[in-house]
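In what follows, every heavy atom counts, from backbone to side chain, and hydrogens, waters and symmetry copies are set aside.
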Amino acid sequence: SKPNVRGGVADETLVRFDGVRLYNPFHLKEFQSPFSAVDPGIVSGLTVYTAGFPVIYGDRMGSVVDIAPLAATADLQGRVAASVFNAGARLNGSYDGGRGRWLASARRGNLDMVLELADPDLGDPEYSDYHARLDHDLGDFATLSASVLVFDDDLHVFDRDQEEEAVARFRDEYVWLRADLGDGEVGGRLQAVRTRIESERSGTADLPGVTTGSLEDRRSFTVDSLQAEGWWATGTQSTIQAGAEWRGSSGQYHYRDEATFALLFMTPGAPQEPARTRELVVRPDGDEYAAYVNWRVAPSASVTVDAGLRWAYQSLAGASDDQLAPRIGALWRPREDTR
């Protein structure tokens, strides 16, 4: 579920998948985000920084969850999984003599079936997620990949008296191209990402003699980003890493509500004809830039030092701001079982 690390708010956690930043990657977003939208079946590894993360990570201050995707293998393989809350399948294989590899997975939530059996009067929550990946080797020093990741939520919730109703729909789409270059000593990575996030919420309340109401909230975001990163192993115990990134964001907010409050009985000073109407339309846009350099060196067998510098600039919401962030971390291992 959505984490709170070291007392920070949930939005202060940076979540990445295959180097791509994920925005709110959870199912049932408006209902405490209890489920991760990333299927564990497509994860090969997870790195979590609760503090002091290196300069390659920016834009958030609380923590980092960096998810490594499952790599497709040359052999044809499949997986089917089912639990109380989810059911899904994954299939991967290869082509062109193993130079190309592919992977596809799909998963749906079973919470709607659980509620249908336990309490069908509460609503109908449906959610699903999908992932596809295609890798192709260009010789021994380059690999190209194309990936897509999609999260879908469709929620219909109401109270037992059928007097209040809420409908929420969410769709997150991530599409990216990636090129990995080099060997173990010198290498780099180029990545282009297109993110599209849409949400739509509506709600009604109808309590005769007490209140009536309506709500409409529609949002859409488009984020394009380019990332470049390179590293150079200057020795067996020394590596220099540098990178730059750009992110262009644009969004649309459309919000409207209506309300009429009828009094059960008259009170002194109460309005005679209560009413309310509100509408808000906002279209923000802006750019973000960042560059960093980091040096990791092990001066001895028991000590490793990370020293880096990150610069970032934002021009969102009509304001401009930049930051310069030096970071240094050291790891000391006096014994094999102590660090």
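For the side-chain hydrogen bond (donor to acceptor under 3.5 Å, both in side chains) test, residues two or more places apart in sequence or in another chain that qualify with T234 are S238. Partners of R178 according to the salt bridge (charged side-chain N to carboxylate O under 4.0 Å, His left out) rule, which considers only residues two or more places apart in sequence or in another chain, are D18, D180. Under the side-chain hydrogen bond (donor to acceptor under 3.5 Å, both in side chains) criterion, H131 pairs with no residue, sequence neighbours left out. With sequence neighbours excluded, the residues satisfying side-chain hydrogen bond (donor to acceptor under 3.5 Å, both in side chains) with Q323 are Q314, D321. In this structure R278 satisfies the salt bridge (charged side-chain N to carboxylate O under 4.0 Å, His left out) test with no other residue, sequence neighbours excluded. Under the rule for a salt bridge (charged side-chain N to carboxylate O under 4.0 Å, His left out), the partners of D224 that lie at least two apart in sequence or sit in another chain are R194. Residues that satisfy the salt bridge (charged side-chain N to carboxylate O under 4.0 Å, His left out) test with K2, not counting sequence neighbours, are absent from this structure. Evaluation of the side-chain hydrogen bond (donor to acceptor under 3.5 Å, both in side chains) rule for R256 yields E216, E258 as partners, not counting sequence neighbours.
A donor-acceptor contact under 3.5 angstrom links the side chains of S128 and Y130, judged on distance only.
Counting only residues at least two apart or in different chains, side chain to side chain donor-acceptor pair (under 3.5 Å) contacts with residues 69-81 comprise T73-N92. Every pair tested for salt bridge (Lys or Arg N to Asp or Glu O under 4.0 Å) that includes a residue from residues 82-94 fails, sequence neighbours excluded, so the list is empty. Residue pairs meeting the side chain to side chain donor-acceptor pair (under 3.5 Å) criterion with at least one member in residues 36-52, sequence neighbours excluded, do not occur.
Within 6.0 Å of the CZ atom in F85, the count of heavy atoms belonging to other residues, nucleotides or ligands does not exceed 12. Under a cut-off of 6.0 angstrom, the local environment of CZ in R101 is crowded, with over 12 non-hydrogen atoms contributed by other residues, nucleotides or ligands. In the displayed structure, W311 atom CH2 is contacted under 6.0 Å by more than 12 heavy atoms of other residues, nucleotides or ligands. Crowding of D140 atom CG: a count of heavy atoms from other residues, nucleotides or ligands under 6.0 Å not exceeding 12. Counted within 6.0 Å of CD on E336, heavy atoms from surrounding residues, nucleotides or ligands total 12 or fewer; the atom is thus considered open. At most 12 heavy atoms of other shown residues, nucleotides or ligands fall within 6.0 angstrom of atom CZ in R339.
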> Given the rule in the side-chain hydrogen bond (donor to acceptor under 3.5 Å, both in side chains) test, do H156 and E126 qualify, once you have shown the distances and angles that lead to the verdict?
Replying inline: CA-CA 8 Å; H156 187 193; E126 298 180 4; over 6 Å; no

>> Could you walk me through whether F35 and F26 satisfy the ring pair (Phe, Tyr, Trp, His ring centres under 6.0 Å) test, starting with their C-alpha distance in whole Å, then the side-chain angles of each, then the deciding distance to 0.1 Å, before giving a yes or no?
In response: CA-CA 6 Å; F35 303 117; F26 303 96; over 10 Å; no

>> Applying side-chain hydrogen bond (donor to acceptor under 3.5 Å, both in side chains) to Y292 and E229, what does each step give before you reach the verdict?
In response: CA-CA 9 Å; Y292 59 86; E229 184 180 66; 2.8 Å; yes

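For H27 and F170, the ring centers are positioned 6.0 Å apart or more.
Ion pairing between R283 and D285 fails under the 4.0 Å rule for side-chain N and carboxylate O. Residues D337 and R333 are not paired through a salt bridge, judged by the lack of any N-O separation under 4.0 Å between the basic side chain and the carboxylate. At a threshold of 4.0 Å, the pair R99-D137 does not count as salt-bridged, since none of the basic side-chain nitrogens sits closer than that to a carboxylate oxygen. In summary, K29 and D172 engage in a salt bridge, as defined by a charged side-chain N under 4.0 Å from a carboxylate O.
Side chain of R296 to backbone of A307: no donor-acceptor contact under 3.5 angstrom is found. Remark: side-chain polar atoms of D153 are paired, donor with acceptor, to backbone N or O of L28 under 3.5 angstrom.
When all heavy atoms of Y127 and N86 are compared, the pair lying nearest together is CE1-OD1, 3.6 Å.
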Review item, side-chain donor-acceptor pairs of residues 244-253, under 3.5 Å, at least two apart:
from, atom 1, to, atom 2, distance (Å)
W246, NE1, D287, OD1, 3.2
R247, NH1, E288, OE1, 3.3

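Residue V20 is grouped with residue V15 when hydrophobic side chains (ILVMFWY) are merged at heavy-atom distances under 4.5 angstrom, including chains of intermediate members.
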